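Structure record follows, encoded as structure tokens.
In what follows, chains carry the letters A, B, and so on, assigned in the order in which the sequence lines appear, proteins first and then strands, with residues in each chain numbered from 1. Everything quoted here is computed from the prediction, not taken from an experiment.
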Amino acid sequence: MRPSRKWMLWTFFLLVALVQLFPLLWLANFSIVEASGFFTDKILFWPDAPQWHNYVNAWVDGKFPRYLLNSVVVSAATIILTVVISVSMAYAFTRMQWKGRSVVYSIILLGIMIPIHATLLPNFAIFKELGLTNSYWGLILPYTAVSVPFATFILTGFMKSIPLAVEESAVVDGASIYRIVFRIILPLTMPAVVTVAVSTFLTCWNEFIMAYTFISKDALKTLPFSVMNFAGQYSSDYGSQFAVMVLTSIPAVIIYAIFNEKITKGVTAGAVKG
Amino acid sequence: MSKPISKSLASAIALMVAVPVALTACGGNNNNSNSGAAATNSAAASNGSGESVTLRFFSNLPDRKSGQGLIEQTVIDNYVKENPNVKIEVEALAEEPFKNKLKAYMASNEPVDVTMVHFGAELGTLVSAGWIEELNPADYEGETYNFLPGVFKGFTFNDKLYGLPRNSDYEVIYYNKKLFADNGIKVPTTLDELFEASKAFRDKGIEPMSMNGKDLWSMAVMYQNIAQRLSGDQNSILDATAGTKKFADDANLLEAAKILKRFADEKVFNTAYMTMDYGASQNLFTQGKAAMWYMGSWEAGMASNESLPQEFRDNLGVIQFPTITGGKGIADDLIAWNGGGYALVKASKHPEEAKKFFDYMMRADQWAKIAWDTGAAVPAQKYELTGNETEVQKQLTDILLNAASTSGMTFNDAGTAAFKDASQNAVGKLLTSGSPEKFIEELQAAADKQ
């Protein structure tokens with residue numbers, strides 16, 4: 001590659017990276033700006049008096065540690081459930097022959113189109129009857145229900161591209177159906193599974209509408225509630241809110257960074273193997 | 001290679017699924033023991049007081065460390081201190097989530113004990129669903145409560161009282177004295193002076209009036225304000241909303257729409273005001289970038305809010321909405337209402353304890369006094385001046401006490417929830433592209449649908 005082209009390529013990538021990173025930089029910057037510094041003309045600046053206590057506010061008044069634990073529990077359980085259910089279903093839809101297969105598949109996919117706002121009130125009433133409001137399951141179940149259709153869609157498409165020969169040899173060797181699904185198919189679909197896991201994680205991590213509807217107990221609240229602890233009826237403590245958002249986005253950024261690499265690896269490895 | 005992976009994966013799955021199971025198991029137990037305790041509590045409460053009771057309080061003020069959230073929390077803390085057997089569990093959500101969850105609670109008859117409510121259309125929905133407990137107005141007469149006359153209007157349905165107001169809300173214009181003085185511009189008392197002043201500010205590159213156009217309600221209230229200044233009649237627009245007359249019957253309503261459109265055409269409002277929400281418009285004003293802000297009395301606390309620049313606070317002033325030459329309304333006519341308040345919930349598991357707390361909170365020496373002392377709101381009850389008031393608080397008190405007439409309601413809140421939406425959207429359309437004639441038609445159509 002000629003140096004000039006290389007140089008251009010680098011500039012281009014740096015620009016793209018900057019555009020991607022700017023919101024995060026801005027967020028971090030304004031989390032230490034004092035309340036009166038918001039809505040200035042400057043875009044990024046170092047404040048005269050950095051408001052580090054915003055982070056103390058976020059940690060203590062925002063009840064960050066407690067909400068973080070809840071978010072982790074809910075997200076992790078949702079991801080596990082979503083992956084197990086959708087891998088099983090995708091396998092049933094791609095490899096097994098049964099009556100009504102396409103009908104059930106369509107019904108599952110319809111789930112993608114249902115707006116959660118429409119399900120809030122009925123779900124609240126049902127959960128209340130079942131005693132699921134104010135429990136982790138009150139969040140894990142609806143989150144899983146929302147994630148499964150999309151995950152099944154992705155995984156079904158991916159599984160269709162896996163050659164049947166692998167499973168044939170497994171069957172010849174006497175492998176049971178569970179062994180085939182979780183020992184052979186699951187590792188092969190890893191790139192798709194990671195994609196599903198990351199997107200499910202991001203959904204759960206940021207979800208607020210269902211969370212505030214189904215959860216009233218402080219001990220069970222998830223991270224998005226933390227931001228709201230600084231919202232007044234008319235004015236808000238923006239600095240502390242930004243600090244909460246910085247803290248909230250750190251795990252998301254880390255997880256995305258780790259798994260992002262895995263996705264790329266998985267995809268390229270698959271490509272080479274053919 | 002695949003063996004260890006799947007093994008660790010399997011154990012990870014087991015662990016991850018087990019954790020919430022274990023945690024919910026604890027939660028479930030808690031719930032059970034709670035409801036068990038609640039049952040014994042209510043039994044004990046009917047036998048006599050002294051047993052521990054947990055009351056549920058639902059609020060729209062999630063920030064418990066400043067502003068009105070702090071007042072609310074202070075009152076609750078005071079009550080708990082005096083009644084150690086009572087625990088008050090506060091659930092607070094910001095405005096929009098609060099409204100949504102309130103509907104969910106209403107639909108499922110949730111046993112909340114005391115809830116924050118908005119007057120007019122929104123409380124009306126809760127009342128017609130039978131979720132709100134009726135109050136006896138006679139209980140709240142006299143010195144202990146000291147409510148100002150006429151403040152129950154937005155909380156009364158079919159002549160029955162369903163809630164008590166927490167604030168006196170009325171629209172004024174906050175202005176920046178320094179910006180007016182430095183540029184040699186006269187503080188307006190008439191509409192023509194307001195237009196002149198805003199033209200002068202525009203020429204100097206200063207935004208004349210900050211407006212939270214995105215929220216729409218502020219402009220709807222301004223429309224009512226203009227109409228009142230023209231007709232001198234507080235009830236005309238409310239009667240039209242209620243359907244006892246037509247919007248077209250009062251020519252002032254069309255004229256007011258034309259004047260409101262002039263506000264937009266002559267660029268009185270700040271640039272891109274239609275995209276500004278409450279916080280953004282407030283910031284424009286508090287940063288000294290806009291000379292005026294059309295807003296309610298609940299912003300009395302700006303003058304003592306230390307997160308705002310000192311220079312701004314020293315220069316904050318309040319004026320009444322200007323009069324209109326030839327109009328019948330005077331400056332002392334006030335667009336005033338009582339927007340926020342509290343209500344008792346019918347489904348409450350401890351109705352007696354809930355009412356005791358509710359009555360305590362609304363006493364003139366609790367909510368009203370603390371609200372006034374902290375400057376975070378103007379209460380709907382008579383309050384003693386302490387002598388420590390800011391200049392802004394004094395001016396606001398004068399405006400309220402000298403009011404020649406008050407509207408009692410804002411027209412956009414006086415109908416159903418659907419009317420509120422439709423009327424506010426009509427105002428937005430009027431200011432951006434619509435014609436005043438079309439605007440009146442749209443208001444009429446919205447009122448007819450009720």
Does NZ belonging to Lys99(B) count more than 12 external heavy atoms closer than 6.0 Å?
yes

Lys103(B) versus chain A, heavy atoms under 4.5 Å apart: side chain, backbone, both or neither?
backbone

From Asp63(B) CG over to Gln241(A) CD, what is the distance, rounded to the nearest 0.5 angstrom?
9.0 Å

Does Ser216(A) form a side-chain contact (heavy atoms from CB on, under 4.5 Å) with Arg56(B)? I'd like the steps, not just the answer.
CA-CA 10 Å; Ser216(A) 305; Arg56(B) 287 177 64 186; 4.3 Å; yes

Interface check, chain A: of Gly67(B), Ala104(B), Pro97(B), Ser108(B), most non-hydrogen pairs under 4.5 Å belong to Pro97(B)

Which bit of Tyr212(A) comes within less than 4.5 Å of chain B, counting heavy atoms only: side chain, backbone, both or neither?
both

Heavy-atom contact with chain B under 4.5 Å, split by part of Ile126(A):
neither

Which portion of Ala107(B) sits near chain A, non-hydrogen atoms under 4.5 angstrom:
side chain

To the nearest 0.5 Å, tell me how far Arg64(B) CZ sits from Asp61(A) CG.
12.5 Å

Nearest 0.5 Å please: distance from the CD1 atom of Ile209(A) over to the NZ atom of Lys101(B).
13.5 Å

Hydrogens and angles aside, do Thr213(A) and Tyr105(B) bring a side-chain donor and acceptor to less than 3.5 Å of each other?
no

So, taking the atom named CG in Leu93(B) and the one named CZ in Phe225(A), what distance separates them when rounded to the nearest 0.5 Å?
6.0 Å

CD (Glu91(B)) and NZ (Lys221(A)) are apart, to the nearest 0.5 Å, by 5.5 Å

Above 12 or not: heavy atoms from other molecules or residues under 6.0 Å from NZ of Lys128(A)?
yes

